Amino acid sequence: KAFSRPSIVYPAPSSGCLASRSLPSAQMAALGSAWVWLVLGALLANMLPSIVLGPQSAAAAWGWSPSPSPGNASAAVPLGPASSDDVAGAQAQLAKAYAQFEKMPSEELRDLPVVTSPVTLTMGAVELKTPWIGGSFMTRGWNGGIPGPTIRVKPGETLQVLLKNNLGHGPGYEACNFNLTQLGLFMNPDAICALNHTNLHLHGLHVSPEGDSDNMIKKVAPGESTMYTIQIPKNHMGGTHWYHPHFHHATAAQAGGGAHGAIIVDDPPGYLPKFVEDMPEKLAFLSLVNVAKMMRLENWGNSRLDAVVWNQTLWKNSLYKNWKWDPLSLVVEEHGNAIKDGAGLKPYVAVNGQFRPKTTIKEGKWYRFRFVLAAIEQRVEVRVDPNAKNQARCEFQLLAKDGVYLNEAPRPIEDIFLVSGSRADVAIRCLCEPSFVFPGATTRPCESHLTYTATRQPMGLGDTGLAVMVVETTDRMLTLVTESSVAPTPTMEPEIEPFAVRRPCYLADLTKVTVAKENTHSLDLPQLYPMMIKVDGKGYTWGHEQPPALAEVPVGQIQEWHVTGIRYHPLHVHVNPYQITSIFNDPYYHVGDWHDTFFSTGIGFATIRLNIDTFTGMMIAHCHNLEHEDNGMMGWFKIIGKEGTKWAGAKTYDPTCYNEAFPGAVAPKKPVVWR
């Protein structure tokens, strides 16, 4: 049987089915005002104990004892049946699972399968281990794995993807209940539905959004198949991207639940300096597994996985079958209060589907790591653990972000900052440190533990002191086992010489461009409800019907957007990447950097510019907190004009840019000879 909806009584709409269509912002604000303050009050009631007292004291204030600090736990530890009131028993089982896993050795990081066009992606039920509490979690994935296979393409190639939906029968939008005034409010069960319908988004690719290409309006119902044909431009920059479903109201459950994989656009031969081109590559696809969030979405979603295979339960262990959602405390709970959203079920990162794996590298050698983060809502900061024993000293050199090379690379960084949907290409080199006990001796092999901190930013409180960053998990992510290349003295590869690649014209520098007044807009991701994208003060909550376009933008021209709300909502734009042209003192996001997903580490506003290049049709913009997106924080721009039009000023600002296939690297300038 399908999961039933929680018994929550909402007030009836004041006049008819007001939310059965997309409502203008003014109407939504009026209809939802009472609920806004109710939800804000509940959020404050839920957050203030943590803010003021800290997590342990807050637990006592809430009247429950927190579960043991969860880490990875052995999947071999069964969490047997227990009554919903057996809080102590559940905590003991969790502690046992955690203790056993702490003793388990790390597995070697696996290489994901690599496929090229034509590609078949089959959506189906996939089992994912949840080792920090034992048991396993049933979710949705591609080709039986999490993540799915890595797709490699070349500039100018036609990528064909056959998508097969093997999920069990589940209702579509006809089962969604939008006859309520709280459409666009967070924690709304009626905005999560049609979980077994799907489609495909090629996140980061500069391709057409229409027809059988990167089209978000396509629908693939359970049991159906469809073919995608995506023409990669000849001048597409090489880089790291990813793919995931983008079926509205089901994106968080699917893309955040495991249905994701990497896309790598290969660099043309000779595009990079030889030293960088020859670096060994390692893909680290980070899947942030949020069990509590997934269970809540599934309870709300009114769909099911294949009943024959999985007996209609996402949580395979029978212990977790009585999930409840408390609309006052805004948490999911099980076993009384022993396991709660944000306590015993904190999110943890799987790397290529493994928890706490290890990978072996040579001391003193540079490696190119391609990091991708898939998450429902959390962001992560990756760094080297300074307290690990037998420590290696590693350095990070940033090469590219969101699949676009830096204007000048590399850039030294200490932390890798990733938000849901973002990518980072980082060159890493490690060196074993002398022993503190015996300074003249160095132990090899040595290790460097890459740790992560997963955080989230609650919305609805505005730019106030209460809008704190909530730290949910800190744990080891990946161990770099560093072996000496030539003992006892390792071979040290040289420093990476600064380099700048020749850029395609759709990525020509826009920082000095004069933008026409009619192409300048404000774009706001509000910190108060209802959820929507606002352009020039007007917006819509995207329900189950497509709302009007936020604005029309002409192809072949430059847009400038003054963006607010990006401290709370990561901004993702389809089709065209954007360049940051103004930002205040951010350690990771710099003026001149290109992105398609952007979440400020500091102040919540910036200015970005977009080259609306080549493609016409629907250019979607949305918050990449996927639950916010499913709740309606998404809009679209209508790109008008003649398909294929390019910005005429590109070569004025970057004379070496190219619109066709890569013509070859630019010859270095000869030094000036003074006579």
Side-chain angles (χ1 to χ4, degrees), residues 113 115-126 139-153 157-176 193-233 241-263 265 301-306 309 374 542 544-546 574-575 615-620 622 626 629-630 634 636 643:
V115 295
T116 57
S117 183
V119 175
T120 297
L121 292 178
T122 302
M123 171 75 81
V126 177
T139 184
R140 297 165 179 82
W142 297 113
N143 294 12
I146 298 177
T150 298
I151 300 173
R152 294 199 81 121
V153 297
E157 182 179 351
T158 299
L159 172 62
Q160 291 187 313
V161 179
L162 175 62
L163 191 159
K164 297 180 178 181
N165 186 349
N166 279 3
L167 293 172
H169 172 73
Y173 286 161
E174 71 277 3
C176 301
C193 61
L195 297 191
N196 285 5
H197 289 63
T198 194
N199 60 15
L200 185 66
H201 172 43
L202 308 173
H203 186 126
L205 291 191
H206 177 53
V207 296
S208 171
E210 300 294 302
D212 292 328
S213 188
D214 192 20
N215 188 342
M216 298 304 95
I217 307 303
K218 291 191 73 168
K219 178 180 73 173
V220 186
E224 294 183 352
S225 300
T226 193
M227 178 68 77
Y228 286 83
T229 302
I230 304 100
Q231 182 61 51
I232 311 297
H241 306 283
W242 67 302
Y243 62 89
H244 62 81
H246 206 296
F247 193 72
H248 190 41
H249 303 307
T251 305
Q254 294 183 10
H260 44 245
I263 303 175
V265 180
N302 209 20
S303 292
R304 65 183 184 85
L305 291 179
D306 192 328
V309 178
W542 193 319
H544 67 303
E545 294 180 356
Q546 180 180 319
H574 294 202
V575 186
F615 305 110
T616 60
M618 176 181 286
M619 181 173 69
I620 289 178
H622 63 86
L626 300 181
E629 173 198 327
D630 283 339
M634 180 166 68
W636 66 285
E643 183 84 5

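These numbers come from a predicted model, not from an experiment. Heads up: numbering here begins at 1 and tracks the sequence.
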Looking at [X] and [Y], what are the two nearest heavy atoms and their distance?
X      : Y      : result
Ser213 : Tyr228 : O-CD2, 3.2 Å
His260 : Trp142 : N-CD1, 3.4 Å
Ala259 : Pro245 : O-CD, 3.0 Å
Leu195 : Gln254 : O-NE2, 2.7 Å
Asn199 : Val220 : CA-CG2, 4.5 Å
Cys193 : Ala250 : O-CB, 3.8 Å

What's the separation between atom [atom1] in [X] and atom [atom2] in [Y], rounded to the nearest 0.5 Å?
X      : Y      : atom1 : atom2 : value
Ile263 : Ile232 : CD1   : CD1   : 7.5 Å
Glu643 : Thr616 : CD    : OG1   : 4.0 Å
His249 : Glu629 : NE2   : CD    : 10.0 Å
Gln231 : Phe615 : CD    : CZ    : 8.5 Å
Tyr243 : Ile230 : OH    : CD1   : 12.0 Å
Thr226 : Leu200 : OG1   : CG    : 10.0 Å

Step by step, would you call Arg152 with Val115 a side-chain contact (heavy atoms from CB on, under 4.5 Å)? CA-CA 6 Å; Arg152 294 199 81 121; Val115 295; over 6 Å; no
Check: [X] ring centre within less than 6.0 Å of [Y] ring centre:
X      : Y      : result
His197 : Tyr173 : no
His241 : His203 : no
His206 : His574 : no

Got a donor-acceptor contact below 3.5 angstrom from the [X] side chain to the [Y] backbone?
X      : Y      : answer
Asn166 : Gly124 : no
Asn165 : Glu224 : no
Asp214 : Val207 : no
Ser117 : Val119 : no

Could you check whether atom NZ of Lys164 has more than 12 heavy atoms from other residues, nucleotides or ligands sitting under 6.0 Å from it? no
Between His246 and Lys218, does a side-chain contact (heavy atoms from CB on, under 4.5 Å) hold up when you go through it step by step? CA-CA 9 Å; His246 206 296; Lys218 291 191 73 168; over 6 Å; no
Kindly determine whether Leu167 and Thr198 satisfy side-chain contact (heavy atoms from CB on, under 4.5 Å), including the steps that lead there. CA-CA 9 Å; Leu167 293 172; Thr198 194; 5.6 Å; no
Can you find a heavy atom in the side chain of [X] that is under 4.5 Å from one in the side chain of [Y]?
X      : Y      : value
Arg140 : Val126 : no
Asn143 : Leu121 : yes
Val161 : Met227 : no
Lys219 : Phe247 : yes
Thr116 : Val153 : no

According to the interplanar angle, ranging from 0 to 90°, do the rings of Trp242 and His244 count as parallel (below 30°), tilted (30 to 60°) or perpendicular (above 60°)? tilted
